[in-house]
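Right, one structure below, let's go through it.
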Amino acid sequence: MADFPERSFAFENGLRPGARYDAIFYGAYAGTSTFDIRVRFDFKQRLNRSKLQRAADNALLAYPEFKVRPVIKDGRVFYEENFKPVCLRDDDNETLYFGTDGADGTNGYLFVFLCGERHLTFSLYHGLTDAHGMIAYIASVMWEYVKLALPPMRFIRTHAFDKFGLRSDAKSIPEMSDTERYDPLTRFAGDGEFVTVFDESTLYHLPPEEFNKADVSCRLINLEISNEAFSRRAKQLNTSFAPLLAAYAAQAIDSAYEIGDRTISVITTVDSRRVCPTPSLGNMAYNCPLPVTKADLGMPLQNLCARLRADMKKQITEDHVRAMFRFILGQCNDIDGMGDIVSVNDFLTGPDGLKGLTENGTIFLTYPGRVGNNPVSRVLLNGVTPGMLAMERAINVYAHRDSLIIQVSQKSDDTTLVNALRKTLIRHGFDPKMYDMGRVRQNVMDLHRLKTVGAPKAAAEEGENNG
């Protein structure tokens, strides 16, 4: 591994610097392209907001990485410590602005709890953390809540939670260097062999969605099948969930669109902590393309899944992760070199900027895993539903008890993909129930609304020259 530069993330003059990955998340995935990741919890009993407020505030004491407010200084993102209560809002489908105050703000936080009578939706700006960090904090909140709602639960031993990185109080905050805690990309980037699993010049792109780019909403459509039935099918094929889901997604795309001699690339996301063990909650997930050609679709399903699983394993190695992080840091350097982050975001999300989230994928497919095997879930919850609101189509999968939710998130109202996916599942012996969740308005990271400390260097120098 190459040496990495240690950085200090101590609060100086009330501010600490952001991570290197912030260049991408704030440069490309903010504004009209805000990456708002969500999970909805349906409760068995009416939600008690006062107890939820206490639970969210108590849990946050063990997650100081998230107890911040973003500000702009010298054209870059910094963070100041946030002493306000965690933000709870009505789940009324109105757009809120991450990192801001006021009636449409989030008390300065990069996340918010959207509350209904018997449900809550946790909405988080991806620039703060990845799915691992999101789940760790929200699971800690649920544990704090159940202790308040059902006091006898506090006597349950929680050692089973330790392996998931959950924190119970400030004493449980793990020891790390500042670089590892706040900037794991820099900590783990290094020399390694980057694995390429297909020729990206052959990539098949889905037809562009037709929608008003100013409309900050996504259409969410759920397909629900038996999780146990899907698990049995994966075992029969001697495979795991991600390759089988990717195979079904590729078959659906092939059935709905003319792919010709192009390659369908189903992008799964991988938690790099599997090969670079760390308690860091910084953004560490990376993309793992699983390619499928027309010829591959002619294989027996078991053979296709074996091929996809082998491709996945090639990309889940320490060498590949370190090389991937080095590549991502290069992208961060490119964005930093374009100028101040606000202007860069205006360009990258404008008409001449980015057209999608990735250049090597046909469709995103995220599967964070099963969340139902714990006492908190069994006592509190009827169901858990994923949500991923971004700038293009994606398939998001969540398993809770015997419910496997396969959700299609999209910007347009074209149901071609979800209908094809439903027919594919039926063809393979499943009985998918279809639930149209309607249009959900995204919460937005608008850099123009963030607190600014001082003036960007370029602007300050121009003012001095003009003076």
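None of these values were measured; they are calculated from a predicted model.
To the nearest 0.5 Å, atoms CG (L114) and CG (N93) are separated by 9.5 Å. Separation of atoms CG (L61) and OG (S168) is listed at 11.5 Å; rounding is to 0.5 Å. Separating the CG atom in D191 from the CZ atom in R322 is a distance of 10.0 Å, to the nearest 0.5 Å. Remark: F78 CZ to R16 CZ distance equals 11.0 Å, nearest 0.5 Å. For the atom pair L88 CG and L47 CG, the distance stands at 8.0 Å (nearest 0.5 Å). Of the inter-residue distances, the one linking Q331 atom CD with N333 atom CG reads 10.0 Å to the nearest 0.5 angstrom.
A salt bridge links D271 with R273: the distance from a Lys NZ or Arg NE/NH1/NH2 to an Asp or Glu carboxylate oxygen falls below 4.0 Å. A salt bridge is defined here as a Lys NZ or Arg NE, NH1 or NH2 lying under 4.0 Å from an Asp or Glu carboxylate O, and E65 with R167 meets this definition. Classification of R76 and D22 as a salt-bridged pair fails, no side-chain N sitting under 4.0 Å from a carboxylate O. The pair D101-R69 counts as a salt bridge, with a side-chain nitrogen and a carboxylate oxygen less than 4.0 angstrom apart. The residues R49 and D90 are annotated as salt-bridged, a charged nitrogen and a carboxylate oxygen being separated by less than 4.0 angstrom. Taking the charged nitrogens against the carboxylate oxygens, K411 and E392 have no contact shorter than 4.0 Å, which rules out a salt bridge. Between D178 and R181 there is no salt bridge, since no side-chain N of the basic residue sits under 4.0 Å from a carboxylate O of the acidic one. At a threshold of 4.0 Å, the pair R89-E94 does not count as salt-bridged, since none of the basic side-chain nitrogens sits closer than that to a carboxylate oxygen.
A donor atom on one side chain and an acceptor atom on the other are found under 3.5 Å apart for S403 and E224. At a cut-off of 3.5 Å, with distance as the only test, no side-chain donor of D319 or T317 sits close to an acceptor on the other residue. Between the side chains of D36 and T34, no donor N or O sits under 3.5 Å from an acceptor N or O. Inspection of the D311 and Q315 side chains reveals no N or O donor paired with an N or O acceptor under 3.5 Å.
S265 and P289 make their closest contact through OG-CB, 3.4 Å (heavy atoms, listed as atom of the first residue, atom of the second, distance). Shown here for G116 and D91, the closest heavy-atom pair between the two residues is N-CB, 4.3 Å. Residues Y398 and P386 come closest through the heavy atom pair CD1-CB, 3.5 Å. Heavy-atom minimum distance, A249 versus I395: CB-CD1, 4.0 Å. Nearest heavy-atom pair across P85 and N107 is O-ND2, 2.9 Å. Here the closest non-hydrogen pair linking L290 and A246 is CD1-CB, 3.8 Å.
Side chain of T106 to backbone of C87: no donor-acceptor contact under 3.5 angstrom is found.
Using a 4.5 Å heavy-atom threshold, the side chains of R20 and D336 count as touching. Between F9 and D183, the closest side-chain pair of non-hydrogen atoms falls below 4.5 Å. No side-chain heavy atom of V266 sits under 4.5 Å from any side-chain heavy atom of T362.
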Output, in order, the C-alpha distance, side-chain angles, deciding distance and verdict of side chain to side chain contact (heavy atoms under 4.5 Å, CB included) for H320 and Y286.
CA-CA 11 Å; H320 179 74; Y286 65 96; 3.9 Å; yes
Between T179 and E6, is the side chain to side chain donor-acceptor pair (under 3.5 Å) condition met? List the steps.
CA-CA 6 Å; T179 301; E6 276 288 3; 2.6 Å; yes
Yes or no on side chain to side chain contact (heavy atoms under 4.5 Å, CB included) for S272 and F325, after CA distance, side-chain angles and deciding distance?
CA-CA 10 Å; S272 60; F325 284 2; 3.3 Å; yes
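Atom CZ of R54 has 12 or fewer neighbouring heavy atoms from other residues, nucleotides or ligands inside a 6.0 Å radius. Environment of NZ in K213: crowded, with over 12 heavy atoms of neighbouring residues, nucleotides or ligands closer than 6.0 Å. No more than 12 heavy atoms of other residues, nucleotides or ligands sit less than 6.0 Å from atom CZ of F327. Within 6.0 Å of atom CD in Q45, 12 or fewer heavy atoms from other residues, nucleotides or ligands are found, so the atom counts as exposed in its surroundings. More than 12 heavy atoms of other residues, nucleotides or ligands shown are found within 6.0 angstrom of CD on E200. Crowding of N13 atom CG: a count of heavy atoms from other residues, nucleotides or ligands under 6.0 Å not exceeding 12.
By the 30° and 60° cut-offs, the orientation of the rings of Y145 relative to F43 is perpendicular. Below 30°, between 30° and 60°, or above 60°: for Y137 and F66 the angle between ring planes is above 60°, a perpendicular geometry.
Checked options Y21, Y26, F35; the residue passing with H126 is F35 (criterion: ring pair (Phe, Tyr, Trp, His ring centres under 6.0 Å)).
F111 and Y63 have their aromatic ring centers separated by at least 6.0 angstrom.
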